[in-house]
Enquirer: 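Handing you a structure now.
The figures here come from the full heavy-atom set of this structure, side chains too, leaving out hydrogens, waters and symmetry mates. Residue numbers start from 1 in every chain, and the chains themselves are labelled A, B, ... in the order their sequence lines are given, proteins ahead of strands.
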There are 2 protein chains.
Amino acid sequence: MKQTKRLNLVEIARLAGTSKSTVSRVLQDQPRVSPKTRARVKEVIKKYNYEPSMFARGMTGAQTGLIAVLARWMESGFFADVIRGIDDAVKKKGGFLLCSFAEEHEEYVRLWRTLTGRGQADGVIMIAPSMDLFKEPFNPYDKPVVLCASRVPEDAAEGWDAVSAVTTDNVGAMRTLVTALADAGYRDMVHIAGLPDNVDAQQRKSGFLSAVVSHPGVQGCVIDGACTSEQGYGLMNDYLDAHTGLPDIFVCFNDSVAFGALRALRERGRRVPEEVGITGWDDEVVANDISLTTVHMPVAELGKASAEALFDSVERKSGAASGKVTMIETPICVRSTTRPL
Amino acid sequence: MKQTKRLNLVEIARLAGTSKSTVSRVLQDQPRVSPKTRARVKEVIKKYNYEPSMFARGMTGAQTGLIAVLARWMESGFFADVIRGIDDAVKKKGGFLLCSFAEEHEEYVRLWRTLTGRGQADGVIMIAPSMDLFKEPFNPYDKPVVLCASRVPEDAAEGWDAVSAVTTDNVGAMRTLVTALADAGYRDMVHIAGLPDNVDAQQRKSGFLSAVVSHPGVQGCVIDGACTSEQGYGLMNDYLDAHTGLPDIFVCFNDSVAFGALRALRERGRRVPEEVGITGWDDEVVANDISLTTVHMPVAELGKASAEALFDSVERKSGAASGKVTMIETPICVRSTTRPL
DNA sequence: GTGAAAGCGCTAACAT
DNA sequence: ATGTTAGCGCTTTCAC
């Protein structure tokens with residue numbers, strides 16, 4: 001019952017009657033191997049269930065198959081869904097996921113360096129990083145990075161323009177939403193926006209404002225500062241305390257805010273959607289339970305596309321990443337907190 | 001702008017005026033180093049921000065700092081919270097998280113082997129594994145495993161008795177809940193249970209049944225088969241179609257089921273908690289928004305305790321893991337879908 | 001208490 | 001097309 005020694009390259013080579021270089025070549029699908037030998041080696045590998053050591057690989061500076069995922073803490077299962085999408089893509093390549101979380105900027109950057117240094121990941125997927133990140137220079141010799149649910153801002157430090165991103169079009173989606181609402185007869189709109197340091201929040205807000213302007217007859221105003229349902233609940237109560245009337249609709253930054261706001265509305269006896277409409281953003285699982293009209297974020301798809309973009313960058317060793325931005329569509333889910341749109 | 005070569009042991013040794021063996025000893029906090037030398041080495045390490053290569057470490061068979069997390073797919077952010085707790089604990093040790101997901105048993109076992117083989121993790125945390133897992137033999141030379149939100153069943157295959165677990169007491173918590181409900185005057189209870197192949201579901205169900213029996217004057221029945229909110233919604237509609245009256249309370253397997261059931265109740269004009277009470281289980285973030293009375297699962301704590309238990313097993317290299325079972329408390333959160341408890 | 005030296009399992013020149 | 005060899009950066013005997 002003692003630990004059987006791990007199978008290694010040399011052993012495989014011996015079993016296949018060849019040398020370890022040849023086996024190594026087969027492993028990497030390199031060209032200069034005769035079809036016959038290749039077949040023989042592959043057979044042995046399969047037969048003995050051999051898997052090359054990630055560590056030995058890493059030592060030589062070759063690809064390790066390790067993909068790092070760096071995230072900030074977020075409630076609402078967003079992370080879980082992204083990671084699932086990433087896992088799907090990474091698994092197909094036989095790689096591993098190295099996950100880490102950081103709250104503060106310093107810690108975030110430190111982890112980034114460590115993950116691609118000590119924990120030699122082939123590349124990093126950064127999930128919705130803080131905008132502070134882009135003050136950090138991105139060196140040409142840094143391991144590939146893909147931004148997920150984010151993109152490089154105009155004023156980023158040097159080097160970031162080569163970094164790819166997979167994200168959604170907040171501005172466009174918000175304009176689409178406002179247009180749909182306007183078409184459905186909603187005129188007086190209040191946007192409960194997100195926090196000032198949140199990029200998505202700013203984009204949705206600017207989308208909201210520009211859309212309102214471009215729809216004659218529609219008027220809108222913005223309330224700042226909600227991200228959690230508790231905040232949504234508080235802001236809605238503040239609003240109801242300060243105003244006698246109601247707008248036609250509350251367009252919330254995200255589902256959580258909408259949940260909280262909705263709870264406040266219902267507690268104060270306001271009927272939704274009869275008296276007032278409300279919309280969220282994200283389409284969390286419970287949005288369906290609550291029957292909230294919202295904008296669907298295809299989160300797993302974001303993750304999957306990010307991983308694919310990363311493989312793209314990793315494979316073109318030739319340096320120069322693409323700096324490509326992939327946009328994922330975000331359809332509107334019409335439910336019963338609004339009239340049919 | 002060229003790639004600066006990574007700092008290594010030899011370089012640190014040179015800078016500290018000693019040999020690499022000594023540096024290695026310092027790194028591992030080994031005893032046979034003079035305090036003076038140790039201090040000097042530590043200083044250099046700190047000054048140059050040196051971090052030893054995980055790969056070189058792995059090559060020698062030493063600990064790698066890699067902790068594997070193996071999960072099945074679960075909705076509702078459960079995974080995200082556990083992983084966060086695990087990350088907290090692992091980060092303190094300077095380790096990394098290797099995350100993987102598997103749906104099917106075969107795949108699960110394959111990943112387990114790969115993670116501790118090719119991707120030489122020091123140990124594995126298995127989140128709520130399928131019970132099929134325990135049919136697989138656990139070999140004495142396997143890397144340490146800790147079960148999170150699960151525990152070794154009676155009829156497990158050989159070797160599993162040495163495996164530690166961190167979990168909650170479903171049976172006890174359900175008995176506590178039923179007792180509290182009974183004390184609050186609820187008499188006629190219906191338990192909307194989970195799926196038959198779900199261990200938690202079975203435990204909660206058996207807790208429910210045994211508690212009902214031990215409370216004279218209380219009667220209860222069980223409806224099987226809900227896990228998602230959609231299923232809760234469907235089952236509740238079925239129930240309302242089949243019965244003219246209502247029980248005093250619906251005790252649901254989890255929050256999702258409760259959300260769905262609640263939605264159905266409200267759509268049919270039933271008032272909660274005036275006409276009927278309803279409880280969930282998990283205390284998801286939105287449970288608060290919906291103001292659902294539920295049992296709080298301290299998910300991040302489960303993760304944290306699991307990681308700590310794993311370190312415990314990893315460190316006692318002496319073979320024999322403890323087989324210790326850590327129970328995490330699950331308090332009841334009383335909100336407004338029941339009367340005060 | 002310290003250092004020298006032998007690997008760990010692979011990749012990547014460099015022969016042939 | 002295939003084999004030989006020199007490392008990669010660490011841990012770990014084994015001498016001193």
Side-chain angles (χ1 to χ4, degrees), chain A residues 3-42 44-45 48-66 94 114 116-120 122 317, chain B residues 3-42 44-45 48-66 94 114 116-120 122 317:
Chain A
Q3 169 73 280
T4 43
K5 199 173 171 314
R6 259 180 70 87
L7 219 53
N8 61 23
L9 248 194
V10 182
E11 192 63 7
I12 297 295
R14 202 181 55 71
L15 291 164
T18 179
S19 78
K20 51 182 197 158
S21 341
T22 303
V23 177
S24 178
R25 285 187 192 106
V26 172
L27 245 30
Q28 297 167 78
D29 273 320
Q30 281 185 18
R32 330 222 98 239
V33 181
S34 79
K36 252 180 97 170
T37 317
R38 190 184 297 274
R40 195 150 29 87
V41 171
K42 282 200 166 167
V44 175
I45 289 178
Y48 291 91
N49 252 317
Y50 164 73
E51 295 195 276
S53 152
M54 175 176 77
F55 295 97
R57 278 228 168 123
M59 289 273 316
T60 69
Q63 278 182 37
T64 59
L66 236 36
T114 306
T116 54
R118 171 153 68 106
Q120 299 269 17
D122 291 341
K317 300 187 167 184
Chain B
Q3 167 74 282
T4 44
K5 200 174 170 314
R6 256 179 73 86
L7 217 52
N8 61 22
L9 248 195
V10 182
E11 192 63 9
I12 295 296
R14 202 181 55 71
L15 290 163
T18 179
S19 76
K20 51 181 195 157
S21 332
T22 304
V23 177
S24 178
R25 286 188 190 103
V26 172
L27 243 33
Q28 298 166 79
D29 273 319
Q30 281 185 17
R32 330 222 99 241
V33 181
S34 80
K36 256 182 90 169
T37 318
R38 191 185 297 276
R40 196 151 30 86
V41 171
K42 281 199 168 171
V44 175
I45 288 178
Y48 291 92
N49 253 317
Y50 165 72
E51 295 196 274
S53 153
M54 174 175 79
F55 295 96
R57 281 229 166 120
M59 289 271 320
T60 70
Q63 278 181 38
T64 57
L66 278 181
T114 306
T116 54
R118 171 155 67 110
Q120 298 269 16
D122 291 342
K317 298 187 168 186

Enquirer: Any side-chain N or O of B:Y50 less than 4.0 Å from the OP1 or OP2 oxygen of D:dG9?
Expert: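 Looking at the OP1 and OP2 atoms of D:dG9, neither is under 4.0 Å from any side-chain N or O of B:Y50.
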
Enquirer: OP1, OP2 of D:dC10 versus side-chain N and O of B:S53: anything below 4.0 Å?
Expert: no

Enquirer: Looking at D:dA1, does its base get a donor-acceptor pair with the side chain of A:T22 below 3.5 Å?
Expert: no

Enquirer: Nearest whole angstrom, please: distance from the P of D:dG9 to the CZ of B:R57.
Expert: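 Nearest whole value for this atom pair: 15 Å.
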
Enquirer: In whole Å, what is the span from the CE atom of A:M59 to the P atom of C:dG9?
Expert: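 Going from CE in A:M59 over to P in C:dG9 covers 12 Å.
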
Enquirer: Think B:T18 has a side-chain N or O under 4.0 angstrom from the OP1 or OP2 of C:dG3?
Expert: yes

Enquirer: If you round to the nearest 0.5 Å, how far is OG1 of B:T114 from CG of A:N49?
Expert: 8.5 Å

Enquirer: Just how far, in rounded Å, is P of D:dT12 from CD of B:Q63?
Expert: 10 Å

Enquirer: I want to verify a distance call: between C:dA12, C:dC10, D:dT2, whose nearest atom is closest to the A:Q28 side chain?
Expert: C:dA12

Enquirer: Rounded to the nearest 0.5 Å, what's the gap from OG on B:S21 to CZ on B:R32? Could you check?
Expert: 14.0 Å

Enquirer: When you match A:K20 and B:G17 each to their closest nucleotide on DNA chain C, which lands nearer the 5' end?
Expert: B:G17

Enquirer: Here's a test of your reading of the structure: between A:R25 and B:L27, which maps to the more 5' nucleotide of DNA chain D?
Expert: A:R25

Enquirer: Rounded to whole Å, please give me the gap between CD in A:E11 and P in C:dC8.
Expert: 12 Å

Enquirer: Rounded to whole angstrom units, what separation is found between the CD1 atom of B:I12 and the P atom of D:dC10?
Expert: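 That distance rounds to 9 Å.
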
Enquirer: Rounded to whole angstrom units, what separation is found between the CZ atom of A:R14 and the P atom of D:dT2?
Expert: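 One finds 19 Å between P of D:dT2 and CZ of A:R14, rounded.
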
Enquirer: Should B:S21 be listed as having a side-chain N or O under 4.0 Å from OP1 or OP2 of C:dG3?
Expert: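 The answer is no; no side-chain N or O of B:S21 sits under 4.0 Å from OP1 or OP2.
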
Enquirer: Find the distance B:I45:CD1 to D:dC10:P and express it as a whole number of Å.
Expert: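 Rounded to the whole Å, the gap is 10 Å.
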
Enquirer: Is there a donor and acceptor pair closer than 3.5 Å between the side chain of A:S34 and the base of D:dT2?
Expert: no

Enquirer: State the CD1-NZ distance between B:I12 and B:K42, to the nearest 0.5 angstrom.
Expert: 14.0 Å

Enquirer: Do A:L27 and A:L9 have side chains that approach each other closer than 4.5 Å (heavy atoms only, starting at C-beta)?
Expert: yes

Enquirer: Given D:dT11, C:dG9, C:dA12, identify the nucleotide with an atom nearest to the side chain of A:Q30.
Expert: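 Closest nucleotide among those given: C:dA12.
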
Enquirer: What nucleotide, of C:dT11, C:dG9, D:dC10, holds the atom closest to the side chain of B:P52?
Expert: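 Comparing C:dT11, C:dG9, D:dC10 against the side chain of B:P52, the answer is D:dC10.
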
Enquirer: Nearest-Å distance, CD (B:Q120) to P (C:dC10)?
Expert: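 Checked: the CD to P distance equals 11 Å.
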
Enquirer: Can a side chain N or O of A:R32 be found less than 4.0 Å away from OP1 or OP2 on D:dT2?
Expert: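 Checking D:dT2 against A:R32, no side-chain N or O comes under 4.0 Å of OP1 or OP2.
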
Enquirer: B:R40 side chain to B:A16 main-chain N or O, any donor-acceptor pair under 3.5 Å?
Expert: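 Confirmed, B:R40 side chain pairs with B:A16 backbone.
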
